[in-house]
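Below, chain A is the first sequence line, B the second, and so on; all start at residue 1. All values below were derived from every heavy atom in this structure, side-chain atoms included, with hydrogens, water molecules and symmetry-related copies excluded.
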Number of protein chains: 2
Amino acid sequence: MARTQGSHSDITGPRIREAALRLFAQHGYAAVSMRQIAKEVGVQAGALYNYTPDKQSLLFSLMSSHMEELQAAWDSVPRAAYAMDRLRAFTGFHIRFHLERPDAVFIAYMELRNLTEENFTVIESLRRVYENGVEGILKEGVEQGVFSIPDTKIATLAVIAMLNGVNTWYRSEGRLSLDEVERVYWGMVQKAVSA
Amino acid sequence: MARTQGSHSDITGPRIREAALRLFAQHGYAAVSMRQIAKEVGVQAGALYNYTPDKQSLLFSLMSSHMEELQAAWDSVPRAAYAMDRLRAFTGFHIRFHLERPDAVFIAYMELRNLTEENFTVIESLRRVYENGVEGILKEGVEQGVFSIPDTKIATLAVIAMLNGVNTWYRSEGRLSLDEVERVYWGMVQKAVSA
DNA sequence: ACAATAACTGAACAGATGTTCAGAAAAAAG
DNA sequence: CTTTTTTCTGAACATCTGTTCAGTTATTGT
């Protein structure tokens with residue numbers, strides 16, 4: 001056998017990425033073999049190498065795509081005039097964006113140690129850009145006198161860590177709706193940073 | 001060769017656990033081989049099986065020890081009368097305890113997916129006991145009228161997630177002292193839950 | 001209709017994996 | 001000193017690892 005019926009690059013490529021994303025999130029990068037990914041796609045392991053130079057590149061590509069989509073999505077959110085409104089917008093955006101892609105989020109946080117040094121540097125700088133955006137809001141709020149924050153860097157990380165926590169427990173069939181979750185978290189974030 | 005000079009069970013045992021803890025935290029459970037752990041201890045791979053029935057048990061043992069130490073340590077903290085004081089005590093305790101064992105904390109959160117189903121259940125229930133302790137404080141604070149919290153379960157997870165974030169950035173040589181970190185976080189926690 | 005190309009197979013590579021176990025050496029017990 | 005027990009070695013096991021590549025087939029272009 002060789003090329004199979006209905007085999008197309010523009011179909012197999014995304015399917016490989018989807019399978020890898022799901023498997024990496026479920027079992028961890030190191031625990032997933034190329035053969036497992038291939039099997040999920042319905043293809044032999046060798047075929048994967050038409051779409052990625054190696055396993056490490058596949059992981060890196062998934063992570064950097066996620067980080068770039070995150071940044072692009074946040075950049076496209078209309079920028080409110082007041083820091084308080086911007087922070088509320090961010091809270092809602094961050095929660096929703098992350099709940100829509102639990103696997104990618106999981107990988108982006110858990111598989112950092114499995115990146116090569118140079119790949120790690122790239123992902124880290126993408127993350128820092130995102131964090132700096134949040135810190136900018138907090139700093140502005142402090143200048144405008146609406147926020148009281150002893151250390152904006154720590155507060156940034158604290159807010160993000162708190163919001164990321166949603167992914168560990170939220171289930172769409174659960175007790176609370178997305179709107180309710182957003183409201184509850186916004187209440188805590190707002191109080192935590194307010195003057 | 002066989003038994004080597006100065007070989008003792010009560011020395012090798014802990015050394016294996018320490019090496020495994022460090023390596024699992026650094027590279028991940030799946031990425032670390034028994035031979036790597038053995039090499040770190042200065043022993044052949046086969047010798048590890050005098051101390052653990054298998055690799056999975058080693059991971060589980062490390063995680064359950066950590067969770068039990070955590071609970072025991074928190075139980076030994078004097079229980080203040082008012083919820084506000086209890087929450088402050090918890091904030092300080094949690095930050096310090098976790099910063100003292102970054103590797104164990106890392107593993108306890110990241111390697112859950114590498115546990116067998118039954119082992120996972122055990123660890124999860126230990127975690128729930130700890131979380132329930134925190135929720136108890138929040139509930140009491142609400143009853144006493146000092147806290148305003150729409151959902152104590154979410155608030156519990158949010159507070160813990162926020163505090164856990166410290167481990168991702170704190171360095172002892174860094175800009176802030178432990179006392180300062182504790183103060184900053186307590187400020188945010190207090191405001192977030194206060195009425 | 002044929003030629004060119006893209007997509008894939010299947011086998012092979014050298015090495016690593018968790019785990020077992022007979023035997024050897026050091027330590028402890030008598 | 002002799003025996004017993006504890007601790008460890010070193011080899012072996014079957015299987016899995018990421019990756020390469022010649023060859024084969026389906027699709028596309030002419």
With DNA chain D as reference, determine whether A/A31 or A/G46 sits nearer its 5' end, using the nearest nucleotide of each. A/A31
Protein-nucleotide distance (B/D10, atom CG; C/dA28, atom C1'), rounded to Å: 13 Å
Honestly, is B/R183 close enough over B/Y185, meaning NZ or CZ under 6.0 Å from the six-membered ring centre and within 45° of the axis? no
Could you check whether B/V32 gets within reach of a base, just the sugar-phosphate, or nothing at all, counting any heavy atom under 4.0 Å? sugar-phosphate
In whole Å, what is the span from the NZ atom of B/K39 to the P atom of D/dG10? 14 Å
Mind checking B/Q56 for me? I need base, sugar-phosphate or nothing, with any heavy atom below 4.0 Å counting as a touch. nothing
Rounded to the Å, how far apart are B/R15 CZ and D/dC8 P? 10 Å
Please verify the inter-ring angle class for A/Y130 with A/F90; under 30° counts as parallel, over 60° as perpendicular, anything in between as tilted. tilted
Rounded interatomic separation in angstrom, taking CG from A/N50 and C1' from D/dA22: 14 Å
With a cut-off of under 6.0 Å to the ring centre and 45° to the axis, is B/R127 in cation-pi contact with B/Y109? yes
Side-chain N or O of B/Q36 closer than 4.0 Å to phosphate OP1/OP2 of C/dA16: no
Just the rounded figure in Å: distance from C1' of D/dC8 to CE of B/M34. 15 Å
Per atom distances to the A/R35 side chain, the nearest of D/dT7, D/dG18, C/dT17 is D/dG18
To the nearest angstrom, the CG-P distance between B/N114 and C/dG18 comes to 12 Å
Measure CD/A/Q44 against C1'/C/dT9 and give the value in whole Å, please. 6 Å
Would you say B/S33 places a side-chain N or O within less than 4.0 Å of OP1 or OP2 belonging to C/dT17? yes
Counting only side-chain nitrogens and oxygens, does B/T12 get under 4.0 Å of the OP1 or OP2 atom of D/dC8? yes
Cluster question for you: counting only ILVMFWY and a side-chain heavy-atom cut-off of under 4.5 Å, with indirect links fine, are B/V184 and B/L178 together? yes
Is the cationic atom of A/R86 (NZ for Lys, CZ for Arg) positioned less than 6.0 Å from the six-membered ring centroid of A/Y82 and within 45 degrees of its normal? no
Let's see if you can work this out: which of D/dC8, C/dT20, D/dG18 has an atom nearest to the side-chain heavy atoms of A/Y49? D/dG18
Select one nucleotide: of C/dA7, C/dG18, D/dT19, the one nearest the side-chain heavy atoms of A/A45. D/dT19
Select one nucleotide: of C/dG18, C/dA26, C/dT9, the one nearest the side-chain heavy atoms of A/A47. C/dT9
Is any side-chain nitrogen or oxygen of A/Y51 closer than 4.0 Å to OP1 or OP2 of C/dA7? no
The side chain of A/V43 is closest to which nucleotide in this list: C/dT19, C/dC8, D/dC8? C/dC8
Rounded to whole angstroms, how far apart are CG on B/L48 and P on C/dG18? 10 Å
